[in-house]
Amino acid sequence: MVAALNRSLGRVPPWVLYVAGALPPLWFLWLGLSGGLGVEPIKALEHRLGELALQVFVLVLAVRPLREWTGINLMKQRRALGVLCFVYVALHLLVWLVLDVQFLDQIWADIVKRPYITVGMVAFLLMLPLAVTSNNLSLRRMGPKRWRSLHRLTYPAGVLGAVHFVMLAKGFQIESLIYLGIILGLLVLRLPRIERRKTARA
Amino acid sequence: MAGRYKSDLGWSDVTPKADWLNRRALMAGAGALALGAIAGPAAASLGAKKTDWGAGLEPNTFEDITSYNNFYEFGTDKGDPARYASALTTDPWSVEIDGLVDRPGAYGLEDILSKVTLEERIYRLRCVERWSMVVPWVGFELADLLEMAGVQAGAKYVAFETALRPDEMRGVSYPVIDWPYREGLRLDEAMHPLTIMATGLYDEPMPNQNGAPIRLVVPWKYGYKSIKSVVRISLTDTQPVTAWNAYSAKEYGFYSNVNPNRDHPRWSQKYERKVGGGLFAKQVETLMFNGYEAEVADLYAGMDLIEFH
């Protein structure tokens with residue numbers, strides 16, 4: 001059954017993922033415009049997009065353990081998922097800039113003065129080179145080794161994203177801690193691989 | 001005593017009930033998902049005395065006020081109080097008044113209400129999270145209640161406590177703050193005619209998610225000072241412990257006066273956005289003391305409002 005699933009997954013071209021990935025933000029936007037996000041839709045839209053990015057990030061990190069434990073192979077889709085994650089983060093940032101904070105001086109003051117915003121911005125900046133090089137041409141030009149080591153920026157970016165969520169909570173709140181816990185857990189799972197890589201090099 | 005406070009906010013500025021009920025029907029018709037759990041049907045009118053104040057302020061709709069709440073006892077999501085606060089038993093209800101008073105004891109809500117005149121008070125509400133509303137509260141001055149209990153000469157502060165009922169409040173099983181929720185005022189702030197105990201809004205009994213059956217409203221302070229579902233009021237001679245100040249004194253001061261010049265460490269307080277403006281609502285400048293500077297500034301004459309934030 002897993003083999004059949006993998007065969008059909010293998011036949012899914014990336015553009016299908018991109019089209020499907022465009023649906024949730026469009027749905028949130030529609031909800032925001034139609035009253036479905038409640039009486040304060042700006043914050044709701046911002047939070048939904050941020051949380052969606054974290055969820056896709058968790059999925060990206062889970063691709064390898066999923067293959068190892070269940071045999072389900074999403075490796076071919078992983079890059080598209082990563083790009084979608086970046087798009088959601090960028091939209092989250094855009095909503096914050098344009099709809100939420102609105103004033104340029106306030107935006108800059110927030111980035112410099114507010115630790116949780118600073119952390120979120122750093123995470124976004126770390127994702128930029130990853131998004132730019134998420135294509136075959138860059139992979140060929142850089143060579144797989146350099147490309148792979150650049151793309152390890154994924155890990156700090158994701159951790160900072162989750163920390164950003166934890167830091168903005170008022171009081172002790174469990175949801176953001178769960179995301180951070182899952183992401184750290186998935187990173188710990190990769191430690192043996194990193195160790196193997198080191199010994200292989202040594 | 002009702003009618004002590006005169007202001008320029010007028011009854012005519014309140015959205016007529018027919019209009020907000022209409023809007024409610026429209027929103028429901030549009031299939032607004034989040035609105036399913038709004039507190040029950042329109043209850044009997046409280047017949048609050050219409051006061052003569054309020055030009056220029058447009059009250060938020062009943063939906064705005066009852067679907068977007070911070071009442072962490074029922075969960076930290078803005079929609080949680082509307083979803084879950086119906087579990088709170090509000091009748092019977094009594095408020096324990098103790099400490100430095102002549103007549104300590106349990107004051108039944110019915111008993112209190114028989115001795116006061118309910119007034120409509122249209123106030124701005126400014127949350128520390130940078131959103132705001134205008135609410136047509138119904139209530140009476142806290143001073144009236146404190147006079148019933150007889151404040152003793154040595155009293156300097158008033159401490160308040162919210163009900164803590166794990167069986168009815170699903171949010172208190174999480175240690176979001178150190179429960180029960182506690183707040184406090186200096187005695188002169190508590191006796192100020194702007195400070196009220198509210199028992200309703202839009203001339204209806206207080207919806208549970210807004211702090212039924214009786215809550216504090218201090219319009220020149222950030223919203224979290226206006227403690228909900230009050231079960232205890234204590235007169236003290238020392239500054240009482242307050243919930244958010246105990247959680248993080250740097251972020252939440254004892255005074256917590258609305259002050260655009262003193263930023264919260266995690267966000268600026270210069271602007272706010274009025275709830276209900278949709279996806280493209282503009283930010284507006286926050287006013288010193290939330291627009292009540294003329295009324296309350298002299299309470300803080302000579303005080304450094306940055307240090308004593």
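Just so it is clear: chains get the letters A, B, ... in the order the sequence lines come, proteins before strands, and each one is counted from 1.
- Remark: of the listed residues B:K78, B:K274, B:R273, B:R273 is the sole one forming a side chain to side chain contact (heavy atoms under 4.5 Å, CB included) with A:E40.
- Looking at residues two or more places apart in sequence or on another chain, you find a salt bridge (charged side-chain N to carboxylate O under 4.0 Å, His left out) between B:E251 and B:R266.
- With sequence neighbours excluded, the residues that form a salt bridge (charged side-chain N to carboxylate O under 4.0 Å, His left out) with B:K225 are B:E183.
- In terms of heavy-atom pairs under 4.5 Å with chain A, the best-connected choice from B:Y72, B:W267, B:Y252 is B:W267.
- In this structure, B:W131 has its ring center closer than 6.0 angstrom to the ring center of B:Y68.
- Screening residues 156-180 of chain A for salt bridge (Lys or Arg N to Asp or Glu O under 4.0 Å) gives A:K170-B:E129 as the qualifying pairs, with residues at least two apart or on separate chains.
- Under the 30°/60° scheme for interplanar angles, the aromatic rings of B:Y247 and B:W244 are found to stand perpendicular.
- Interface residue A:A169: only backbone heavy atoms are found under 4.5 Å from chain B.
- In this structure, chain A has a heavy atom under 4.5 Å from the backbone of B:P265, while its side chain stays farther away.
- A salt bridge does not link B:R130 to B:E272: none of the charged nitrogens lies less than 4.0 Å from a carboxylate oxygen.
- At a heavy-atom separation below 4.5 angstrom, chain B is approached by A:L99, A:D100, A:V101, A:Q102, A:F103, A:Q106, A:D110, A:K113, A:R114, A:P115, A:Y116 within residues 82-120 of chain A.
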